[in-house]
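Comments concern the structure below.
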Amino acid sequence: MSQIATLEVNGKKYEFPILEGTENELAIDIKTLRGVTEGVTTIDAGFKNTGSCKSAITFLDGEKGILRYRGYAIEELADKADFLETSYLLIFGELPTEAELQKFHDDILEESLVDEEMKKILDGFPKSAHPMGVLSALTSALIAFNPESVNADSKEEMYSAIVKIMAKFPVLAAWTLRKKTGLPLDYGDKHLGYVQNLYKMMFNKPNDEFKINPIVLNALDKLLILHADHEQNCSTSTVRIVGSSHAGLFASISAGISALWGPLHGGANQAVIEMLEDIKNDGGDYHKYLAKAKDKSDPFRLMGFGHRVYKNFDPRAKIIQVAAEEVLADLGIVDPVLDIARGLSEEALKDEYFKSRNLYPNVDFYSGIIYRALGIPVEMFTVMFAIGRLPGWIAQWKEMRENHEPIGRPRQLYVGKTLRGFVPIEKR
Ligand code: CMC
């Protein structure tokens, strides 16, 4: 039975259909609102109550702590799938058969070279440049070497653009690290798996045989899967809105990287480890920092805590916490920062301020600890997030283009000056 929402504006009643999703979520469809009310809009800063699209990719229930990609529970995917398989699932909608996965991987390998001219662009950056800025610029620069635009109605063109970015993005991401560490650029090895190859491109030394510890590989794979999509978050919404103007896939992803960089979004993983380091260097008293986070006159926030959607717990944080403990134990690393992280989260979870606001550790609270154990420099943490989020961005961009969504163009409530006469400069 169709459901209806009634809205009364200045004494006049209007009806709007209520749409129901496959998980029984309800949404009032207000697309006719401005027309029927002759100009009334809604306002919802930060889009806390606004659905920007219908999507069949990721389901998230923030109250129950549920996250699913294409219907599969994140816990099961993190346990049983690998990152490339998960990427295929997100982008194409179904888990691949062995042959489909092999073809996807082969096609990616075929495209995994980057034009040598790109190195000149990389050379132009100072060594001190933040890798996220470099990655965003390099991704955008890829357009110069692949100028053809994608016809969203052509399966072949769509597939080719997807394979190209899946192939070249890890190369560029690894180069941002090698630029920082001063290592010669590496194109990886066609005989390695996707994540193994990423690791090689990042860390391989020209005078040493490449080896990867299976514990490290497994942890990296898991982290990438956990970051692979998160429905309409800030960077994904950016990718969709940029793409809605029919800007290409690479341009849209470059914009998504910039959005992800911010400390309230993907940049939080760097901010968390820096915060934990600060606490350690300040004597390890995390109670002092909890007090700062609660003090409204202090801008300090507990990084890695809170989430726009999860108001119970972040299921990714649960998986990552266990993985962090395992990786550190397996690698025999004693990291005092992990003790501070444990203490801080235990105290915060008992504290009325955090309890009453439903603030729980999020995915970034523990991911930095693993990245650090894997020898990844702090400034690269958000780049790791970007590599993980790439298939999500691609899937969301593809869905938006295939659904022929209109250009994203919100309204506003103007609160500035009303019409006034121009004042000549000598009279101001
Ligand atoms: N530390 C202290 N207080 C906080 C925190 C925090 N980390 N997060 C939220 N609050 C308080 C906030 O001050 C507000 O209090 P009050 O109601 O008294 O004004 C209340 O909780 C609600 O916060 P909000 O800012 O309205 O919530 P939001 O949904 O707009 O923000 C958030 C979500 C993730 C931006 C925010 O929780 C935050 O800044 N967290 C720290 C940064 C972080 O860890 N970001 C990573 C998010 S997960 C990775 C990703 O998906 O990008």
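Atoms within each ligand, like the ligands themselves, are counted from 1 in listed order. The analysis underlying the following values was restricted to heavy atoms, covering all of them including side chains, and did not include hydrogens, waters or symmetry mates.
Looking at atom 39 (O) of ligand 1, its nearest protein heavy atom turns out to be Arg301 NH1, 2.7 Å. Scanning all protein heavy atoms for the shortest distance to atom 41 (C) of ligand 1 gives Phe305 O, 3.4 Å. Among protein heavy atoms, atom 34 (C) of ligand 1 sits closest to Gly306 O, 3.7 Å. Regarding atom 21 (O) of ligand 1, its nearest protein heavy-atom neighbour is Arg357 CD, 3.4 Å. Looking from atom 42 (C) of ligand 1 to the surrounding protein, the closest heavy atom is Met303 CE, 3.5 Å. Among protein heavy atoms, atom 51 (O) of ligand 1 sits closest to His307 NE2, 3.7 Å. The protein heavy atom nearest to atom 3 (N) of ligand 1 is Tyr353 OH, 2.9 Å.
At a 4.0 Å heavy-atom cut-off, ligand 1 does not touch Phe365 at all. Proximity of Leu264 to ligand 1, defined as any heavy-atom pair under 4.0 Å, is shared by backbone and side chain alike. Residue contacts with ligand 1 for Leu260 are absent, since no atom lies close enough (heavy atoms, distance under 4.0 Å). Contacts between His265 and ligand 1 below 4.0 angstrom, taking non-hydrogen atoms only, involve backbone and side chain alike. By the criterion of a heavy-atom distance under 4.0 Å, the side chain of Lys296, and not its backbone, is placed next to ligand 1.
Under the salt bridge (Lys or Arg N to Asp or Glu O under 4.0 Å) test applied with Lys292, the options Asp298, Asp278, Asp285 reduce to a single match, Asp298. For the side chain to side chain donor-acceptor pair (under 3.5 Å) with Thr58, the lone residue among Asn233, Asp229, Thr236 that qualifies is Asp229. The ring-ring contact (aromatic ring centres under 6.0 Å, His included) with His230 is formed by just one residue from the set Tyr310, Phe59, Trp393; it is Tyr310.
Ionic pairing of Asp44 and Lys48 is not present here: no N-O contact between side-chain nitrogen and carboxylate oxygen is shorter than 4.0 angstrom. Contact check on Lys103 versus Glu100 returns no salt bridge, with no Lys/Arg side-chain nitrogen under 4.0 Å from an Asp/Glu carboxylate oxygen. The pair Glu94-Arg70 does not count as a salt bridge, with every side-chain nitrogen at least 4.0 angstrom from each carboxylate oxygen. A salt bridge does not link Glu23 with Lys64: every distance from a Lys NZ or Arg NE/NH1/NH2 to an Asp or Glu carboxylate oxygen is 4.0 Å or more.
Here the side chains of Leu177 and Val383 are not in contact, with every heavy-atom distance at 4.5 Å or above. Residues Asp314 and Tyr360 form no side-chain contact, since every pair of their non-hydrogen atoms from C-beta on lies 4.5 Å or further apart.
Within the set Val363, Asn362, Leu359, the minimum heavy-atom distance to atom 4 (C) of ligand 1 is found for Leu359. For atom 33 (C) of ligand 1, the nearest non-hydrogen atom from the set Arg308, Lys292, Arg316 belongs to Arg308.
Ligand 1 has at least one atom lying under 4.0 Å from a heavy atom of Lys48. Between Gly46 and ligand 1 there is no heavy-atom distance shorter than 4.0 Å. Residue contacts with ligand 1 include Asp364, since one of its heavy atoms falls under 4.0 Å from the ligand.
Distances below 4.0 Å separate heavy atoms of Gly266 from the following atoms of ligand 1: 52 (O). The Gly304 neighbourhood of ligand 1 comprises atoms 43 (C), 44 (O), with distances under 4.0 Å to a heavy atom of that residue. Atoms of ligand 1 found under 4.0 Å from any heavy atom of Ala293 (numbered from 1 in listed order, with element): 2 (C). Listed by atom number, the atoms of ligand 1 under 4.0 Å from Ala268 heavy atoms are 43 (C), 44 (O), 45 (N), 46 (C).
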Apply the test side-chain hydrogen bond (donor to acceptor under 3.5 Å, both in side chains) to residues Glu399 and Ser55: give CA-CA distance (whole Å), side-chain angles for both, the deciding distance (0.1 Å), then the verdict. CA-CA 8 Å; Glu399 180 181 71; Ser55 180; 2.7 Å; yes
Requested in this report: Start with the C-alpha distance between Leu135 and Leu172, add both sets of side-chain angles, then the distance that settles side chain to side chain contact (heavy atoms under 4.5 Å, CB included), and finish with yes or no.
Outcome: CA-CA 7 Å; Leu135 184 61; Leu172 301 181; 4.0 Å; yes
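Note: an N/O pair closer than 3.5 Å links Leu302 and ligand 1 by distance alone.
Heavy atoms of other residues, nucleotides or ligands lying less than 6.0 angstrom from NZ of Lys54 number 12 at most. Heavy atoms from other residues, nucleotides or ligands lying under 6.0 Å from CZ of Phe47 number 12 at most.
Shown here for Leu374 and Tyr199, the closest heavy-atom pair between the two residues is O-OH, 3.9 Å.
Counting protein heavy atoms under 4.0 angstrom from atom 9 (C) of ligand 1 gives one or more.
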